[in-house]
Amino acid sequence: LMTKYEATITKHPSDMIELLRYRSVRRSFGSASVMIGGVILAYLIELEIARLLLIAGIFGLIAIGAQHYYSIPRLARRVFQEQPTQAGPFTVEADHEQFTLTSDRGVFRSRWDELVRWYETPNIIAMYVNSYSAIPLRKSQMSAAMVSFLRSQLVASGLSKPNTLRRKP
């Protein structure tokens, strides 16, 4: 007996904003950690450059904040408005072979092994059809069993953990 899950979802720009913010914070955290560590080290050994590094660090944090609260939401809303077909509603179907998105405008179907990456935040699970195009799905619009099934199929297809690109054969 084949397991099949189905849910009806609608998308919103906030789904993409959350995904982009979450990924941006995770990427920026490493750079910020190195920068802060350098400032602390320079300050501890009382180098004059510590003040310059501190000022640069403050400007860096301001830039990260501007990206997080201004640029990302603006970009996500613009992309969402450029492609009105993203709004939905969609029917999401998933089984052991593939997942399918169906709307009144058409059908998108992909085998699990054709996806190149997946990402998960507390509210969404996103499946990437290529390195830059994600299909974010709001978890609250699906059953917990369906979210777990999506995750297990992604792992079974060779994407062992979130945000890791599929290795080319």
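All residue numbers refer to positions in the sequence shown, counting from 1. These numbers come from the heavy atoms of this one structure, side chains and all, not from hydrogens, waters or symmetry mates.
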**Item:** side-chain contact (heavy atoms from CB on, under 4.5 Å) evaluation trace for E97 with R111
**Value:** CA-CA 6 Å; E97 295 176 9; R111 291 191 334 249; 5.9 Å; no
**Request:** Evaluate the criterion side-chain contact (heavy atoms from CB on, under 4.5 Å) for residue pair V92 and T100; output intermediate values, then yes/no.
**Result:** CA-CA 6 Å; V92 179; T100 307; over 6 Å; no
**Which residues share a side chain to side chain donor-acceptor pair (under 3.5 Å) with S157, sequence neighbours left out** = R166
**Prompt:** Does any non-hydrogen side-chain atom of L115 lie less than 4.5 Å from one of V129?
**Reply:** yes
**Distance (rounded to the nearest 0.5 Å) between F99 CZ and R109 CZ** = 11.0 Å
**Request:** Please check if the side chain of W112 supplies one atom and the backbone of D95 the other of a donor-acceptor pair under 3.5 Å.
**Result:** yes
Could you go through residues 144-151 and list every donor-acceptor pair under 3.5 Å that involves a side-chain atom there, pairing it with any protein atom two or more places apart or in another chain?
residue	atom	partner	partner atom	Å
R151	NE	E120	OE1	3.0
R151	NE	E120	OE2	3.3
R151	NH2	E120	OE2	2.6

**Asked** Does the W118 side chain pair with the main chain of L159, one donor and one acceptor, at a distance under 3.5 Å?
**Response** yes
**Fill in**
Scanning both residues in full, the closest heavy-atom pair of A134 with P136 reads O-CD, 3.4 Å
**Prompt:** If you measure from CG on N130 to CD on E114, what distance do you get to the nearest 0.5 Å?
**Reply:** 12.5 Å
**Request:** Please identify each residue that fulfils side chain to side chain donor-acceptor pair (under 3.5 Å) with R78, with sequence neighbours left out.
**Result:** none
**Fill in**
dist I124:CD1 -> M142:CE (nearest 0.5 Å) comes out at 9.5 Å
**Message:** Is there a side-chain contact between R117 and N163 in this structure, where contact means two heavy atoms from C-beta onward sitting under 4.5 Å apart?
**Reply:** yes
**Asked** With the 4.5 Å side-chain cut-off for hydrophobic clustering, are F90 and V107 part of the same group?
**Response** no
**Spatial distance of atom CD (Q141) from atom OG1 (T8) [nearest 0.5 Å]** = 9.0 Å
